[in-house]
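Structure record follows, encoded as structure tokens.
Note on naming: letters A, B, ... go to the chains in the order of the sequence lines (proteins, then strands), and numbering restarts at 1 for each one. As the structure is a prediction and not an experimental result, all values here were calculated from the model.
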Amino acid sequence: MAGSVTQPTVNYKIRKRRHPLLEFAAAQPLGAISGVAILVMLFGGVFSELIAPYDPFEIDFGAMLAAPSPEHLMGTDAFGRDIFSRVIYGARTALTIGFFSSLMGCTTGAVVGVASAYFGGRTDMIIQRFIDVILSFPIIVLALVVVAMLGRNQIAGVDVNLIFAIAIPVMPKVARVVRAASLTIREMPYIDAARAAGFTHTRIIFRHMVPNVAAPFLIMFTAYVAQAILLEASLSFLGLGVTEPTPAWGLMLSGNASDFYREAPWMILFPGVAISVAVFAFNLFGDSLRDWLDPKFKV
Amino acid sequence: MLGYLANRLLLMIPTLAGVAVLIFFMLRVVPGDIVEVKLRGDGGSVTQETIEAERARLGLDQPIHVQFVQWMTGLATLDLGNSMWTDRPVTEEIGVRLELTIQVAIMASIIAIMVAIPLGTISALFRDTWVDYVVRLVTIAGLAVPSFWLGMLIILGLLYYANWLPPITYTPIYVDPVANIAQLIWPAMAVGYRYSAVVARMVRSSIIEVMKEDYIRTARAKGVFEKLVVSRHAMRNAILPAITVIGLEFAFLIGGLVVTEQVFNLNGLGKLFVQAVSRNDFTLIQSIVMLIAVIFILSNLVVDVVYAWIDPRIRYGGR
């Protein structure tokens, strides 16, 4: 029998290592599309001056409530301002506020959540009861209370208090999720090792625990950018967010628009589409990111 | 069960006390109060004495701890005080509007249940087919479209296709049910889209989970019709997580109707709240926030009780 052993032929292709971005695009085509949509918005927001055909503040009473035409792609509003230009500049407002409020809310939430899990016991109990209290309002109600509390404050043309108003309701939601994720991390041997090595609490939290909740953090950050854009639009619509004449999508749906939109529907059509597409893109991107990074994780 | 209920109701007290403390101090951290808005709002000149007098009348000149004790004792005795703007009792101001808001929230819940459960089930059963993709796309869009914008589109649609607009004056349901529903169905639909989307996504994922369970295989193995497997075995069990979402969204709507009420010009709780916030009407803001927190916590409790009722395996209150 000797010599007749056939070697089993293993037929496999060595997969080429592709760029992680390509891997993501191949596994999550919808995520890739929404990623492109986000990049387009980002581009529009950063280079608004170059893209927008008109000055978004320029009032032209000669072209009041003009219907969409080659001159004004999305028509004009009650002051004759070009809606297309205002939608482009609106991307800047929406992304700035969405990005910073989500970043602020998720970061503080993550730190609170990790600390709560790490210290455990009484500290954890107190933090969790406090979070219970904050979580017993709908997000928009809390945001409105913060608006009532802080009033308005602009720094470099950005409504800083609006960012706080959106970040504060986001914080406890993130803290809850991150705490749950950190509870398992706390039991890991390397945390014991770090403790045995005599590291400070701060060092263990920031160097050993926080990096391990990076995946849920990233996923929630994207999802809450969507929430923040929606919330900013709602607050601006109510007249309690961004103020005139700043171009902001939510604001474009209120004020004059609510008086004239029956005659000039393009006034509300395009800003509304912009909000929906932005929120849609960030939601979808967040979902895909979740499936890609951490299939078991649920926000 | 009764013991459990009593326990849960008692546990509400510390949380609500926390809310009361938080809201009280949040409003008073930053200087500025209603008197400024009320008397200086139009840019008119008012003497300092008038302002001081008004402050004294509203009790805003008292030290903060005195005001705090007043607020907390008022809460404990269910005396919420008067609106600082209209001087009418807060309970009266809220009562009129709460009815409308609750009705819209209930109607939106009914729409959501009727749309979401079939949609989510179909999507789960036809998982990864074009049906599923369409449903998923429609539902994820539902999370993105702002309800107030959808409301405006609905109004435009009604105007163009039916040449009809919902009336501006509110008719209570016990006065004229038809007129009432004809008015409130549109805002309910505007918020119902998002609501349905949230619930449908939950139904879909929980049906997918449940269909993997052993008892589904057992039911199929003993030859139960697939229709019955889905309706009796899968849906019954998958409905639980959906109920949580329905409860949460319902509570959310009581405060979350804020923006939609504005579009449809409905004088509901949300509109009152926005007015109170823009006028710095402390007593009114505090009371509405407390009410919303109570509704929120209570609906969580109701969800838990419904759980035990639907799923006999869930037992609360020991042993």
Any chance you could lay out the salt bridge (charged side-chain N to carboxylate O under 4.0 Å, His left out) test for A:D287 and B:R201, step after step, and finish with the verdict?
CA-CA 12 Å; A:D287 270 15; B:R201 279 161 66 90; 3.4 Å; yes
Pair count under 4.5 Å, heavy atoms only, with chain B: among A:L144, A:I275, A:D132, A:L235, highest is A:L144
Just checking, B:R194 and B:F252: is the charged tip under 6.0 Å from the six-membered ring centre and within 45° of the axis?
yes
Can you confirm whether more than 12 heavy atoms, excluding those of A:F130, are under 6.0 Å from its CZ atom?
no
Applying a strict 4.5 Å limit to non-hydrogen atoms, the region of A:V273 in contact with chain B is both
Where on A:A226 is there a heavy atom nearer than 4.5 Å to chain B: the side chain, the backbone, both, or neither?
neither
Heavy-atom proximity to chain B below 4.5 Å, by part of A:L135
backbone
Heavy-atom contact with chain A under 4.5 Å, split by part of B:L22:
side chain
Which atoms of B:A276 approach chain A - backbone, side chain, both or neither, heavy atom under 4.5 Å:
neither
Please look at A:F282 and chain B and tell me whether the side chain, the backbone, both or neither of the residue comes under 4.5 angstrom of a heavy atom of that chain.
neither
Where on B:L137 is there a heavy atom nearer than 4.5 Å to chain A: the side chain, the backbone, both, or neither?
both
The salt bridge (charged side-chain N to carboxylate O under 4.0 Å, His left out) partners of B:D132 (sequence neighbours excluded) come to B:R136, B:R204
Please classify the contact between A:I140 and chain B as side chain, backbone, both or neither, with a heavy-atom cut-off of under 4.5 Å.
side chain
List the atom pairs, with distances to 0.1 Å, where a side-chain N or O of residues 142-161 of chain B and a protein N or O form a donor-acceptor pair under 3.5 Å, not counting sequence neighbours.
unit_1	atom_1	unit_2	atom_2	d
B:S147	OG	B:T260	OG1	3.2
B:W149	NE1	A:I268	O	2.8

Select, from B:I295, B:V294, B:V289, the one with the greatest count of heavy-atom pairs under 4.5 Å involving chain A.
B:V289
Donor-acceptor pair, A:T246 side chain versus A:V242 backbone, under 3.5 Å?
no
Please flag which part of A:I229 lies under 4.5 Å from any non-hydrogen atom of chain B: side chain, backbone, both or neither.
neither
A:F84-A:Y89 aromatic ring centre distance below 6.0 Å:
no
Check this for me: A:F164, atom CZ, are more than 12 non-hydrogen atoms of other residues, nucleotides or ligands nearer than 6.0 Å?
no
